[in-house]
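Notes to accompany the following structure.
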Amino acid sequence: MSEAPRQSAIYIDADACPVKDEVYKVARRYAVRVIVVANASLWIPNDPQFELVVRAGFGVVDNYIAETVLPGDIVITADIPLAARCVAKSAAVIDPKGRLLTDANIGEAVGVRDLMDELRQSGQASGGPSPMTSKDRSRFLAMLDQVVNAIRRGKMSS
């Protein structure tokens with residue numbers, strides 16, 4: 001008798017993640033397990049489908065996600081270096097504004113991130129990403145729904 005295929009999970013890089021509620025909504029719809037990883041304790045829904053993992057220390061959350069994620073899992077993060085590590089492990093990665101990061105575009109995302117970091121350090125640029133809008137949230141919800149369905153159909157590859 002063969003085992004049932006492993007169910008995918010959604011990992012949230014939760015510190016400063018603006019779309020946790022949207023993830024909970026989609027996860028409930030499809031009964032997908034969610035692992036919320038943060039530097040400190042935070043509220044998550046009281047439901048066995050949702051798990052909070054607290055890892056304090058610089059880079060510890062990123063390392064936990066990158067080392068634990070498996071092919072077919074979904075990672076929600078705005079952290080480009082973490083996204084690159086997860087894409088390399090064949091996980092689907094979505095940023096909070098609904099951009100799917102894949103083998104095809106992660107190199108460009110890393111390059112832009114490094115360039116912006118360099119410009120900020122030299123004083124030629126300031127600030128961070130633009131604020132979240134309702135369009136960003138809608139785009140994120142649509143992309144997460146699309147990726148969950150693609151994985152469920154076995155049609156998702158990074």
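Position 1 is the first residue of the sequence; numbering continues from there.
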Single-linkage hydrophobic cluster, 4.5 Å side-chain cutoff, M132 and L100 together: yes

side-chain contact (heavy atoms from CB on, under 4.5 Å) test vs I10 passes for just one of V75, V147, I35, L144, namely L144

Considering non-hydrogen atoms only, spot the tightest contact between I151 and S8 and give its length. CG2-OG, 3.1 Å

Nearest 0.5 Å, please: how far is SG in C17 from CG in L42? 10.0 Å

When rounded to the nearest 0.5 Å, the distance separating CZ of F50 from CZ of R28 is 4.5 Å

Between D73 and K89 (salt bridge meaning N to carboxylate O under 4.0 Å), is one present in this structure? no

Find out if a path of hydrophobic residues (ILVMFWY) with successive side-chain heavy-atom gaps under 4.5 Å connects F58 to V60. no

Working to the nearest 0.5 Å, report the span between CZ of R99 and CG of D136. 12.0 Å

V69, V61, V87, I65 screened by side-chain contact (heavy atoms from CB on, under 4.5 Å) with L82, the one that passes: I65

Please determine whether side chain to side chain contact (heavy atoms under 4.5 Å, CB included) holds for the pair F140 and I76, giving the CA-CA distance in whole Å, both sets of side-chain angles, and the decisive distance to 0.1 Å. CA-CA 10 Å; F140 174 81; I76 310 303; 3.8 Å; yes

What are the two closest non-hydrogen atoms of D15 and A40, and how far apart are they? OD1-N, 4.3 Å

Spacing of Q49 atom CD and I44 atom CD1 [to the nearest 0.5 Å]: 10.5 Å

Measure across N39 and G57 and return the closest heavy-atom pair with its distance rounded to 0.1 Å. OD1-O, 3.5 Å

Go through the side-chain N and O atoms of Y24 and D47 and say whether any donor and acceptor fall under 3.5 Å apart. no

So, for C86 and A66, which heavy atoms are closest and what is the spacing to 0.1 Å? SG-CA, 4.3 Å

Show your reasoning for whether side chain to side chain donor-acceptor pair (under 3.5 Å) applies to R85 and N63. CA-CA 9 Å; R85 292 170 68 187; N63 289 339; 2.9 Å; yes

For Y30 against R152, the heavy-atom pair lying closest together: O-NH1, 3.3 Å

Side chain to side chain contact (heavy atoms under 4.5 Å, CB included), that's the test. Do V19 and D21 meet it? Break it down for me. CA-CA 6 Å; V19 291; D21 289 337; over 6 Å; no

Reported CG-to-CZ distance for the pair D62 and R55, which is rounded to 0.5 angstrom: 13.0 Å

